[in-house]
Protein chains: 2
Amino acid sequence: MFDWNDLKYFLAVARHQSTIAAGKSLGLSQSTVQRRLAELERAIGQPLVERRPSGYRLTKFGEELLPHAERIEAAVTDFERRINDEAHDLTGVIRVTCPEPIIGRMTKSALIERFQARHPKLRIEFVTSDRYLDLSKGEADVAFRSGDTDDELVGRKVADSIWAVYASRSYVEQHGRPAAVSDLPNHPLVGFDETLSMHRASIWLRDVAPEVKMSARTNSVLGLVYAVKSGLGIGPLPASLGDAEPDLVRVLGPIQELSRSWRLLAHPDLRRVPRIAAFFDFILAERELVKTILA
Amino acid sequence: MFDWNDLKYFLAVARHQSTIAAGKSLGLSQSTVQRRLAELERAIGQPLVERRPSGYRLTKFGEELLPHAERIEAAVTDFERRINDEAHDLTGVIRVTCPEPIIGRMTKSALIERFQARHPKLRIEFVTSDRYLDLSKGEADVAFRSGDTDDELVGRKVADSIWAVYASRSYVEQHGRPAAVSDLPNHPLVGFDETLSMHRASIWLRDVAPEVKMSARTNSVLGLVYAVKSGLGIGPLPASLGDAEPDLVRVLGPIQELSRSWRLLAHPDLRRVPRIAAFFDFILAERELVKTILA
DNA sequence: ACGCGATTATGCACTTCTGCGGCGGGGTTG
DNA sequence: CAACCCCGCCGCAGAAGTGCATAATCGCGT
């Protein structure tokens, strides 16, 4: 059984293409790297690198072996992560709140199960309600929100939130589509009711179509989607939801005034708590996947 | 970065439950095992084992870590295997011959792709023909056969080959089923034609139903299956094929005289050639899966 | 053509690790 | 109860590994 540590040197040399650079990256002397790698080659019985004046270069055989070594390294990283979790007592529940329509996308995507795989002792719980939960009161630990920033919370942008104006296909066939934002008052509009009167979509509608009586009002984004789908009128929706509905068509392109950033937020007191920090680290590492979920 | 070699000690101790036994299995002294394991615990910052008079026992945390360590070990094993392949120049093609109906099962099962994963530089080729290929002439390298042993070839049993007498469902409905083997001459029988007159199924049929004129004859096992399915008559089939056909029913239980062992065979000159030996090793290791294929 | 910088390889002193032998403890079996 | 076996732990001497300094090699730019 050969020396498993020598795999570290092999990997480092493969990456830095020289024993000196590899040694530095490992916090070891160049001599050691050179000798351990030579020892590994002796144990294997085949050369792994070509000695060049400019440094080491993997041989063909070395290239073939590299992915195997990387799998070992990945397994070790998992092992270390598990240890780290234990050291920081990463157990318990993380209560996540986000707009209801997002929850389904979250759970259907591989995001949550990947998190479970990485932190088996942490559990994610989605909590939601018809109003914004108050993280300061501990109603949830973290939130995905695209609204305006709450000064009390800290967080990081994870994606863009784009809004556009949608109508149902049948509506467009019967009544046509608005030519521009200024044309909106000539169409029946759907929007939020008074409970969400300060939502930026409500404000924007009052701004571009003052004095217009709404043909329908709802108290949730999802309600808005259904109202537009039913053909009651046209209205602004998050592009992620509108585009996902085959019955809806985007009649006015992205509305600058309504666009915000999706942010992952937490109360500053909680942000550095290990299990919350772990969630942040994970989400930021998986930012690309998160973007497709919130798209 | 902790000492990867210490994982070996952890694994050995987990398996042997004592540092002495672990040391022996690793060819090392007991002191080393005990010290390395203590060092690993120090690096991790958590105890992995409980010291008992009877030896070491994994703690709860150790149990949790064990599967991770085993994954690392498995990855290392792959790495070593790859090296071994290179050392023995495991490249090239292995020509496998077997009865035609088996080929489909082989390729559909995970067997072949597992072999590819284990020996990426080896390729498996199935060769077949209407007659038995002659391994001595190099027409193929190895063969799966259930027939009688060819003295010139060497090999190992990998599964049982069971034959029974089958009839189509419609045949049974119209004409009933034979009560015993002795009843067979009263039914229309299907069997092999003269090209396979020495096949043990042909010999058995002549024995239990002499003087009977066959209602249909074919030159392959697969032909036999179709003949029985079409209702032309009843006849002996490998249970693996007969049971797989929903239209067929087994009318007479396993026939002792027709049962043989499935064997993996090769010419003795080839048996120890690295790539053939590798194939043998693999098939024997996967014997359970092979049994379900040949079942 | 020649020096500069980056690289690999090696000699030497020092540190660390390993194996051996021995000790003490706790079961188990006559 | 006593002998025995298997166990973990520890001190010591020898073996192996590590770092530092240095030599040797090669490409590149001036």
**Request:** Applying side-chain contact (heavy atoms from CB on, under 4.5 Å), name anything that partners A:K24, two or more places apart in sequence or on another chain.
**Result:** A:I20

**Request:** Return the set of residues passing side-chain contact (heavy atoms from CB on, under 4.5 Å) with B:P274 (not counting sequence neighbours), or none when no residue passes.
**Result:** B:H88, B:L90

**Item:** Short N-O contact, A:E73 and A:R15, less than 4.0 angstrom
**Value:** yes

**Asked** Can you list the residues that meet the side-chain hydrogen bond (donor to acceptor under 3.5 Å, both in side chains) rule with B:R272, with sequence neighbours excluded?
**Response** none

**Prompt:** First and last nucleotide of DNA chain D touching chain B, 5' to 3', heavy-atom cut-off 4.0 Å?
**Reply:** D:dC7 to D:dG11

**Message:** Suppose we screen for side-chain hydrogen bond (donor to acceptor under 3.5 Å, both in side chains). Which residues come up paired with B:S29, at least two apart in sequence or across chains?
**Reply:** B:T32

**Asked** First and last nucleotide of DNA chain C in contact with chain B, 5' to 3', at under 4.0 Å to a heavy atom: what are they?
**Response** C:dT18 to C:dG26

**Fill in**
Closest heavy-atom pair, B:V158 versus B:R287, reported as atoms and distance to 0.1 Å, is O-CG, 3.6 Å

**Message:** Using a 4.0 Å cut-off on heavy atoms, which residues in residues 12-21 of chain A reach DNA chain C? List them by number, or say none.
**Reply:** A:S18, A:T19, A:I20

**Prompt:** Got a sec, which residues hit side-chain contact (heavy atoms from CB on, under 4.5 Å) with A:A110, two or more places apart in sequence or on another chain?
**Reply:** A:E113, A:R114

**Request:** Answer yes when B:R42 and B:E39 have at least one side-chain N-carboxylate O distance shorter than 4.0 Å, and no when they do not.
**Result:** yes

**Message:** According to side-chain hydrogen bond (donor to acceptor under 3.5 Å, both in side chains), who are the partners of A:R275, at least two apart in sequence or on a separate chain?
**Reply:** A:D141

**Message:** Counting only heavy atoms and a strict 4.0 angstrom limit, can you tell me which residues of residues 23-35 of chain A come near DNA chain D?
**Reply:** A:L28, A:S29, A:S31, A:T32, A:R35

**Message:** So for atom CZ, which belongs to B:R123, do other residues, nucleotides or ligands contribute more than 12 heavy atoms lying within a distance under 6.0 Å?
**Reply:** no

**Prompt:** If you look at every heavy atom in B:L48 and B:I44, which pair is closest and at what distance?
**Reply:** CD1-CD1, 4.0 Å

**Asked** Distance-only, no hydrogens or angles: does the B:S109 side chain make a donor-acceptor pair with backbone N or O of B:L111 under 3.5 Å?
**Response** yes

**Message:** Once salt bridge (charged side-chain N to carboxylate O under 4.0 Å, His left out) is applied, what residue pairs with a partner in residues 52-65 of chain A remain, sequence neighbours excluded?
**Reply:** A:E50-A:R52, A:E64-B:R82, A:E64-B:K121

**Ion pair check, B:E80 and B:R118, cut-off under 4.0 Å** = no

**Item:** Watson-Crick or G-U stems of DNA chain D, 3 or more pairs, under 3.5 Å, by first number
**Value:** C:1-30 with D:1-30

**Prompt:** Could you go step by step and tell me if B:K8 and B:R36 meet the side-chain contact (heavy atoms from CB on, under 4.5 Å) rule?
**Reply:** CA-CA 10 Å; B:K8 299 184 203 170; B:R36 296 316 303 159; over 6 Å; no

